[in-house]
Amino acid sequence: MFSLFLIIICLIILLFSIFLYNPKVSQKKFFITFMSISFLASLIYFFKGNKEAFFFENLVNDEINKLTNDPRGLSAINPQKIIFFLESKLRENPLDLEGWKLLARTCFITGHTQKAEVHYTKALKYFPLNESLIYEYAVLKKNTDQFQGALKLLKKIDVKKTNNKKLIFFYFDLLKETRNYSDFNKVMIELENNKNINSSDIKKILEKLELN
């Protein structure tokens, strides 16, 4: 990033110097102008600029990497730094499922609900059928009163195959809360054909829903 900044600044100074003195007309004046502006720009930035801005990513990476040896210090770090760190890491490796979930959770608990939704949506592009990801995003939708959005997510779940009882209960509870009884019955039929969930488990789910 620092190298890119230097290249851009040099190009700007070069073009400005050419605008003032065409090197084809007077190479000496052009050279003096270019060197003078470059020196002044460097001097101004040295005294007034924020030098840490160019190394912020490295500084954050170092700070968080130190915490791997002492996780107790994680609570002391600014959540914004964690978000920045995870975003940079996920740009490098977007197939890190736990990274996506941690990033979205951190955004949500710090009050950045929209950013959390953006990151859950991005994560689902890489893991479209991951049940834990769908569950977390659906819970966020429900907690922000987006019931239909939560149900749309839960429809991605193959109820005939899943063995995630917590997810199944959440799905039925949401259908019950929204009084979506037609879908409730359809999903119940699918659940009854699920060989990974036995009848006693279904009974317990219904008891928790106070339907039995």
Engineer: Are any of the side-chain heavy atoms of Lys115 and Ile83 separated by less than 4.5 Å?
Structural biologist: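 The answer is yes, as the side chains (C-beta and beyond) meet within the 4.5 Å cut-off.
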Engineer: How would you list, by chain and number, every residue that makes a ring-ring contact (aromatic ring centres under 6.0 Å, His included) with Phe170, sequence neighbours excluded?
Structural biologist: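 With sequence neighbours excluded, Phe170 shows a ring-ring contact (aromatic ring centres under 6.0 Å, His included) to Tyr135, given in chain and number order.
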Engineer: Between Ile157 and Glu131, what is the shortest heavy-atom contact and its length?
Structural biologist: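 Minimum heavy-atom separation between Ile157 and Glu131: CD1-CG, 3.7 Å.
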Engineer: Side-chain heavy atoms nearer than 4.5 Å, only ILVMFWY residues, links allowed to pass through others: does that put Tyr126 and Leu102 together?
Structural biologist: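 Tyr126 clusters together with Leu102.
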Engineer: Can you name the nearest heavy-atom pair linking Ala138 to Ala150, along with the distance?
Structural biologist: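 That would be O-CB, 3.5 Å.
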Engineer: Please check this pair: side chain of Thr162 against backbone of Asp158, looking for a donor-acceptor N/O pair closer than 3.5 Å.
Structural biologist: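 No, Thr162 side chain to Asp158 backbone: no donor-acceptor pair under 3.5 Å.
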Engineer: Considering all heavy atoms of both residues, which atom of Leu97 and which atom of Asn130 are nearest to each other, and what is their separation?
Structural biologist: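 In terms of heavy atoms, the two residues are closest at CD2-ND2, 3.3 Å.
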Engineer: Under 4.5 Å between any side-chain heavy atoms of Leu153 and Leu124, yes or no?
Structural biologist: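 Answer yes - side chains close enough.
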Engineer: Between Lys89 and Leu103, is there a side-chain heavy-atom distance shorter than 4.5 Å?
Structural biologist: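 Sidechains of Lys89 and Leu103: no contact.
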Engineer: Measure the shortest side-chain to side-chain distance between Phe184 and Arg179 over non-hydrogen atoms and say whether it is less than 4.5 angstrom.
Structural biologist: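 A side-chain contact under 4.5 Å is absent here.
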Engineer: Any heavy-atom pair between the side chains of Asp145 and Phe147 that's under 4.5 Å?
Structural biologist: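 Side chain of Phe147 against side chain of Asp145, heavy atoms only: contact under 4.5 Å found.
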Engineer: With side chain to side chain donor-acceptor pair (under 3.5 Å) as the test, would you mind laying out the steps for Asn198 and Ser200 before giving the verdict?
Structural biologist: CA-CA 6 Å; Asn198 57 45; Ser200 62; 2.5 Å; yes
Engineer: Side-chain contact, heavy-atom cut-off 4.5 Å: Pro94 with Asp96?
Structural biologist: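 In short, these two side chains do not touch, never coming nearer than 4.5 Å.
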Engineer: So, the side chain of Lys176 versus the backbone of Leu209: is there a donor-acceptor pair under 3.5 Å, distance only?
Structural biologist: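 Checked: pair present.
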Engineer: Can Leu90 be reached from Leu95 by stepping across I, L, V, M, F, W or Y side chains whose heavy atoms are under 4.5 Å apart?
Structural biologist: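 Yes; Leu90 is reachable from Leu95 via cluster members.
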Engineer: Would you mind reporting whether Lys141 and Lys152 have side-chain heavy atoms less than 4.5 Å apart?
Structural biologist: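 With C-beta onward as the side chain, the pair stays apart.
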Engineer: What pair of heavy atoms forms the shortest contact from Ala116 to Ala104, and how long is it?
Structural biologist: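 Looking at all heavy atoms of both residues, the shortest contact is CB-O, 3.4 Å.
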Engineer: Closer than 4.0 angstrom, basic N to acidic O: yes or no for Glu98 and Lys101?
Structural biologist: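 Salt bridge: yes.
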Engineer: Is a side-chain donor or acceptor of Asn193 paired with a backbone partner of Lys160 at a separation under 3.5 angstrom?
Structural biologist: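 Flag not set: sc Asn193 to bb Lys160 has no pair under 3.5 Å.
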Engineer: Out of curiosity, Glu207 CD to Ile202 CD1, how far, rounded to the nearest 0.5 Å?
Structural biologist: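 If I round to the nearest 0.5 Å, the distance is 12.0 Å.
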Engineer: Any sub-3.5 Å donor-acceptor pair from Asn194's side-chain atoms to Glu190's backbone N or O?
Structural biologist: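 No, the answer is negative, given that no donor and acceptor are paired below the 3.5 Å cut-off.
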Engineer: State the NZ-CG distance between Lys165 and Leu167, to the nearest 0.5 angstrom.
Structural biologist: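 Here the interatomic distance stands at 12.0 Å.
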Engineer: Listing request: all salt bridge (charged side-chain N to carboxylate O under 4.0 Å, His left out) pairs with a residue in residues 119-129, at least two apart in sequence or in separate chains.
Structural biologist: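 Every candidate salt bridge (charged side-chain N to carboxylate O under 4.0 Å, His left out) pair involving residues 119-129 fails, so no pair, neighbours aside, qualifies.
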Engineer: Among all residues two or more places apart in sequence or in another chain, which pass the ring-ring contact (aromatic ring centres under 6.0 Å, His included) test with Tyr120?
Structural biologist: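 Partners of Tyr120 by the ring-ring contact (aromatic ring centres under 6.0 Å, His included) criterion, ordered by chain and then number, come out as Tyr137.
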Engineer: Supply the atom-to-atom distance Phe172 CZ to Leu191 CG, rounded to the nearest 0.5 angstrom.
Structural biologist: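 Output value for this atom pair is 5.0 Å.
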Engineer: Could you state the interatomic distance from CD (Gln114) to OG1 (Thr144), rounded to the nearest 0.5 Å?
Structural biologist: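 Going from the CD atom of Gln114 to the OG1 atom of Thr144 covers 10.0 Å.
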Engineer: Establish whether Val118 and Leu140 are linked, either directly or via other cluster members, by ILVMFWY side-chain heavy-atom contacts under 4.5 Å.
Structural biologist: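 No, separate clusters.
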Engineer: Can you measure from CG (Leu206) to NZ (Lys204) and round to the nearest 0.5 angstrom?
Structural biologist: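 So the CG of Leu206 and the NZ of Lys204 are separated by 12.5 Å.
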Engineer: With a 6.0 Å cut-off (strictly less than), is the heavy-atom count around CD of Glu177, excluding the residue itself, greater than 12?
Structural biologist: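 More than 12 heavy atoms, drawn from other residues, nucleotides or ligands, come within 6.0 Å of this atom.
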Engineer: State the OG1-CZ distance between Thr110 and Phe108, to the nearest 0.5 angstrom.
Structural biologist: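 Interatomic distance, Thr110 OG1 to Phe108 CZ, rounded to 0.5 Å: 10.0 Å.
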